[in-house]
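In what follows, every chain begins at residue 1, and chains take the letters A, B, ... in the order their sequences are listed.
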Amino acid sequence: MTDLDLDSSFIPALHKPPSLLPIAKYRDSLLYVIETFPVTIVIGQTGSGKSTQIPQFLERAGWCSDGKLIGITQPRRVAATTVALRVAEEVGCEVGQEVGYSIRFEDVTSSSTRIKFLTDALLIREALTDPLLSRYSVIMVDEAHERSISTDILLGLLKKIRRKRPELRIIVSSATLQAEEFLKFFTAGSEQEVRKQDDDQTPQAIATIVSLEGRTYPIDTLYLEAPAEDYVEKAVNTVFDIHTQEGEGDILVFLTGREEIDNAIQAVAERATQLDSQHGPLQPLPLYAGLSTEQQMFVFDKTPEGTRKVVFSTNIAEASVTIDGIVHVIDCGFVKLRAYNPKTGIETLTTTPISKASASQRAGRAGRTKAGKCYRLYTEDAYQALPETNPPEIQRSNLASTILQLKALGIDNVARFDFLSAPPSELMSKALELLYSLGALDEYAKLTHPLGSRMAELAVEPMMAKTLLSAPQFNCLSEILTIAAMTSLGGNIWFYHDGERHKMESSRRKFAVEEGDHLTLLNVYQTFITKGKKEAKFCHEHNLNYKSLTRAVSIRAQLKRYLERFNINVDETLSSKQHSSNVDNGNKAEQIRRCLTSGYFAHTARMQPDGTYRNVEGGTILHAHPNSLMFNRKADWVIFYEIMETGDKTYIRDITKIEKNWLVEYAPEFYKLSNSRG
DNA sequence: GAGCACTGC
């Protein structure tokens, strides 16, 4: 077994010239391993240089000589762009030339590109048109340990592709010790079939692990003696202990959500006024995804000399956002995890203990620029009891769009797809049922054409894809395009600063349209591009998230391009004329609501006299989310975009009034089925 | 009556 034990002394690997990175010494051995083994699992700490150096080693060693590409996938867009920029700089080319990147809405590559960074979701999309990914000689899957659905699917595809393209080289990079699982995955089940082709290739010859040790700085980990009753309070106390007893260095506190973060910040601000004058000021800052870009940027600002920055963050700071200068990490030990219940079709968002892998990732946020400390707000025994990892996303998600995508990739028997971790069969059958009811699959579970294959290509979830493809019949395609773009933003449309909640509420009321949230979203978008001239100023005045609305413009344009590729004509002139005068005009609004019903018939509820809702089965009490226009309005039957259980309540979001008889009209089979069931 | 962890196409 090849196991390269690299220099483990504490060398700061960040911002060092590439020649000084520990990985440089192992260039030849790495190249040898990659040449010899079809699959290489690379264990490398952040800062080991694996993502930036390995592609360059490969390129110089001739892996692109026949015009093929080296592809490096990342789970996130920012990572794909920033790593590409750095490698381009090191290579000494303009990004988009030899080194480029490709993410949704941005393809910065050219015919001279040899090293290409992209999101793993986008590479899966490339497989729709190039099933063997034949443009690539090497594919490196970075941050595979995060186990996103896209990463898992991509690894499954690569394993399949490898059988048909033995010359393809696969590198799987992982920061934690999950390497064995990847190794087992690539070697399992390959014995017999490899024997058939090549007597020399045993499973041991297929894949191997290379370990790039080499940390940055040491981190001192401290535990509680006894469990904390209230970790938010404990976190605040710890902040003051650090501030009064420890040397300089900023603090990063991991909490689970916005409410906790706001409370903690208020508590710190109040207690800070009583601080002894010998201690410098504290600057508490929030960090979570729902903030506007401007609000998020504060955490990167340098504080004045003597002021200590304390960032209270959700899990966004665990992997997605990196803040320099953090010396102390406080870890509450919990995270909000999403899960999907296939029996009820309801998603839950629940506070759950983190995994050991998460705990070590959080601690690692302290030692990036010098030696750091991590304060775990739980006992060492509690730590020992944590699971090694959390269940991968693919085992706790609604799989409708994943299954649809697999079908479009030509994987007919999805149950036999080689998953890194197989999803529970209930999740699979629930997804298949929905896809069948939408008409994306036929009674043999085969992808339908053109409906199913088109739905798979549209980058929105299946119910919205169906709605979009029905829209021409309802003569409201332009409007549904906008609604599809706005709903897929996932909520972050409105924002408010401290104490401005009422101002935000009244801004929102100005855009309200009687029939519900979808038409309200349409109204917001139309006003943004017409009266608001797509400007940030307009958004600030109306408590709208500028970045989100800009994104909606891009999403809408992309969806429109897909439709045009299907030869579906989008007539914009008619709609914009009507909506500049009044979005809420009778017949058009009804067509939109009918059209939404044709895609969202599985998401229906009926209002009760007490103002709550019940789903069709009748069992579950649903509440209109306070962000919804229908929160305090009367309705009878409604459809909704999303359903989620948080804490002890189940909320529905993005709600629109419909008529009961439309359900039977647009989904007769589905409603026959529901009735016969109960 | 009262509030969404995080990604991605």
Need one value for [X]: base, sugar-phosphate or nothing, where a base atom within 4.0 Å counts as base even if backbone is also close, heavy atoms only.
{"X": "A/Arg76", "value": "sugar-phosphate"}
{"X": "A/Arg653", "value": "base"}
{"X": "A/Leu349", "value": "base"}
{"X": "A/Asn632", "value": "base"}
{"X": "A/Phe631", "value": "base"}

Proximity to DNA chain B (any heavy atom under 4.0 Å), residues of residues 100-108 of chain A only: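 Heavy-atom contacts with DNA chain B come from A/Ile103, A/Arg104.
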
Can you list, in residue-number order, the parts of residues 638-647 of chain A that come under 4.0 Å of DNA chain B, counting heavy atoms only?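 Hits under 4.0 Å, by residue number: A/Glu642, A/Thr646.
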
Do you know which of A/Asn545, A/Leu489, A/Asn492 makes side chain to side chain contact (heavy atoms under 4.5 Å, CB included) with A/Arg551?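 The residue from A/Asn545, A/Leu489, A/Asn492 that satisfies side chain to side chain contact (heavy atoms under 4.5 Å, CB included) with A/Arg551 turns out to be A/Leu489.
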
Can you list everything that forms a side chain to side chain contact (heavy atoms under 4.5 Å, CB included) with A/Ser453? Sequence neighbours excluded, please.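 Per chain and number, A/Ser453 pairs via side chain to side chain contact (heavy atoms under 4.5 Å, CB included) with A/Leu447, A/His449.
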
Pairs under 3.5 angstrom only: tabulate donor-acceptor contacts from the side chains of residues 631-641 of chain A to other protein residues two or more places apart or in another chain.
residue: A/Arg633; atom: NH1; partner: A/Glu514; partner atom: OE1; Å: 3.0
residue: A/Asp636; atom: OD1; partner: A/Arg606; partner atom: NE; Å: 2.9

Under the salt bridge (charged side-chain N to carboxylate O under 4.0 Å, His left out) test, residues paired with A/Glu564 that sit two or more places apart: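 Not a single residue meets the salt bridge (charged side-chain N to carboxylate O under 4.0 Å, His left out) criterion with A/Glu564.
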
Bounds of contact between DNA chain B and chain A, in 5' to 3' order, using a heavy-atom cut-off under 4.0 Å: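 That gives a stretch of B/dG1 to B/dC9.
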
Which pairs with one or both residues in residues 115-127 of chain A pass side chain to side chain donor-acceptor pair (under 3.5 Å), sequence neighbours excluded?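 Counting only pairs at least two positions apart or across chains, the side chain to side chain donor-acceptor pair (under 3.5 Å) contacts touching residues 115-127 of chain A are A/Lys116-A/Glu126, A/Lys116-A/Tyr136, A/Asp120-A/Thr151, A/Arg125-A/Tyr562, A/Glu126-A/Tyr136.
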
Could you note down all residue pairs passing side chain to side chain donor-acceptor pair (under 3.5 Å) where residues 76-86 of chain A supplies at least one of them, sequence neighbours left out?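 Residue pairs passing side chain to side chain donor-acceptor pair (under 3.5 Å), neighbours aside: A/Arg76-A/Glu146.
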
[X]: what forms a ring-ring contact (aromatic ring centres under 6.0 Å, His included) with it, not counting sequence neighbours?
{"X": "A/Tyr525", "value": "none"}
{"X": "A/Tyr231", "value": "A/Phe334"}
{"X": "A/Tyr546", "value": "none"}

Listed once per pair and sorted, the salt bridge (Lys or Arg N to Asp or Glu O under 4.0 Å) pairs that draw on residues 447-460 of chain A, sequence neighbours left out: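 For residues 447-460 of chain A: A/Glu457-A/Arg565.
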
